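Beneath this line is the structure, given in structure tokens, with notes to follow.
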Amino acid sequence: MTIDFYYLPGSAPCRAVLMTAKAVGVELNLKLVNLLAGDHLKPEFVKINPQHTIPTMVDGDLNLWESRAIMAYLVEKYGKTDSLYPKDPTKRAVVNQRLYFDMGTLYDRFGTYYYPQIFAKAPANPENFKKMEEAVGFLNTFLDGQTYAAGESLTLADITLVATISSYDTAGFDLSKYPNVEKWYAKCKATTPGYDLNEAGLAEFKKFFSH
Ligand SMILES: N[C@@H](CCC(=O)N[C@@H](CS)C(=O)NCC(=O)O)C(=O)O
């Protein structure tokens, strides 16, 4: 069965799903959605996802959006093991905490600081910059004494967080003040399946920050 995947290579949540699919060994039928051309607002796409966001996945009767929900679905439905999203409630709780932290805090604060500058030519807001620094500081603390974001092995927490942190890096945010994050980031780059797909997407993403 074909899994349709509506995406843009540069989008951080899309990059996270691409890496997850690679890690799980699932092939996605890639369908580009050009946000700048308004593809996501066309009736045929709104019919699939009324919220008109990417990433969006269609697998049989299931239309699914929200990157972290898609990632969890791919592992649960197609993963040969549960290592990326452990079934054990205690382990899964920690992975979930990191997934929600990424969505509600780390990635959210990135968008709050950078996107008005990029898309609305608004001036930088130093208060929002401090919030971003605080969020990366939280991640640095979570990583104290452990190799990966939710313990000693790679999980969906790392995949979503590395998509976000690589966006910070690409935007020119200085990670050198966060040694645990730097070490973990290097480890993720070397060990996350499909990290090359993230790199390729970042090349697109970078264009927004180059002028
Ligand atoms: N929390 C969502 C965020 C999705 C999102 O905001 N995607 C952006 C592109 S990166 C988008 O589709 N924007 C167009 C819109 O909201 O209409 C996720 O993780 O999937």
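Values below: all heavy atoms of this structure, side chains included; hydrogens, waters and symmetry mates excluded. We count ligands from 1, going down the list as the structure has it; atoms in each ligand are counted the same way. Here the structure is a predicted model, which is why all the values come from computation and not from measurement. If you read the sequence from its start, that first residue is 1, and numbering goes on from there.
In this structure, N63 contributes its side chain and I48 its backbone to a donor-acceptor pair below 3.5 Å.
Every atom of ligand 1 with a heavy atom of L35 under 4.0 Å away is listed here by number and element: 9 (C). Using a 4.0 Å cut-off to heavy atoms of R68, the atoms of ligand 1 that qualify are 19 (O). The contact set between ligand 1 and H40, taken as ligand atoms under 4.0 Å from a residue heavy atom, comprises 14 (C), 15 (C), 17 (O). For ligand 1 and S11, the ligand atoms under 4.0 Å from any heavy atom of the residue are 10 (S).
If you look at P13 next to ligand 1, the close heavy atoms, those under 4.0 Å, all belong to the side chain.
Here's the thing with Q51: none of its N/O atoms is less than 3.5 angstrom from an N/O atom of ligand 1. Not one N or O of T53 is nearer than 3.5 Å to an N or O of ligand 1, by distance alone.
For the residue pair R15/S167, the side-chain donor-acceptor check at 3.5 Å is satisfied. With 3.5 Å as the limit, one finds no donor-acceptor pair spanning the side chains of T56 and Y7. Counted by atom type alone, D158 and T192 present zero donor-acceptor pairs between their side chains at under 3.5 Å. D39 and Y6 share no side-chain donor-acceptor pair at under 3.5 Å.
Under a 4.0 Å N-O distance rule, the pair R92/E76 qualifies as a salt bridge.
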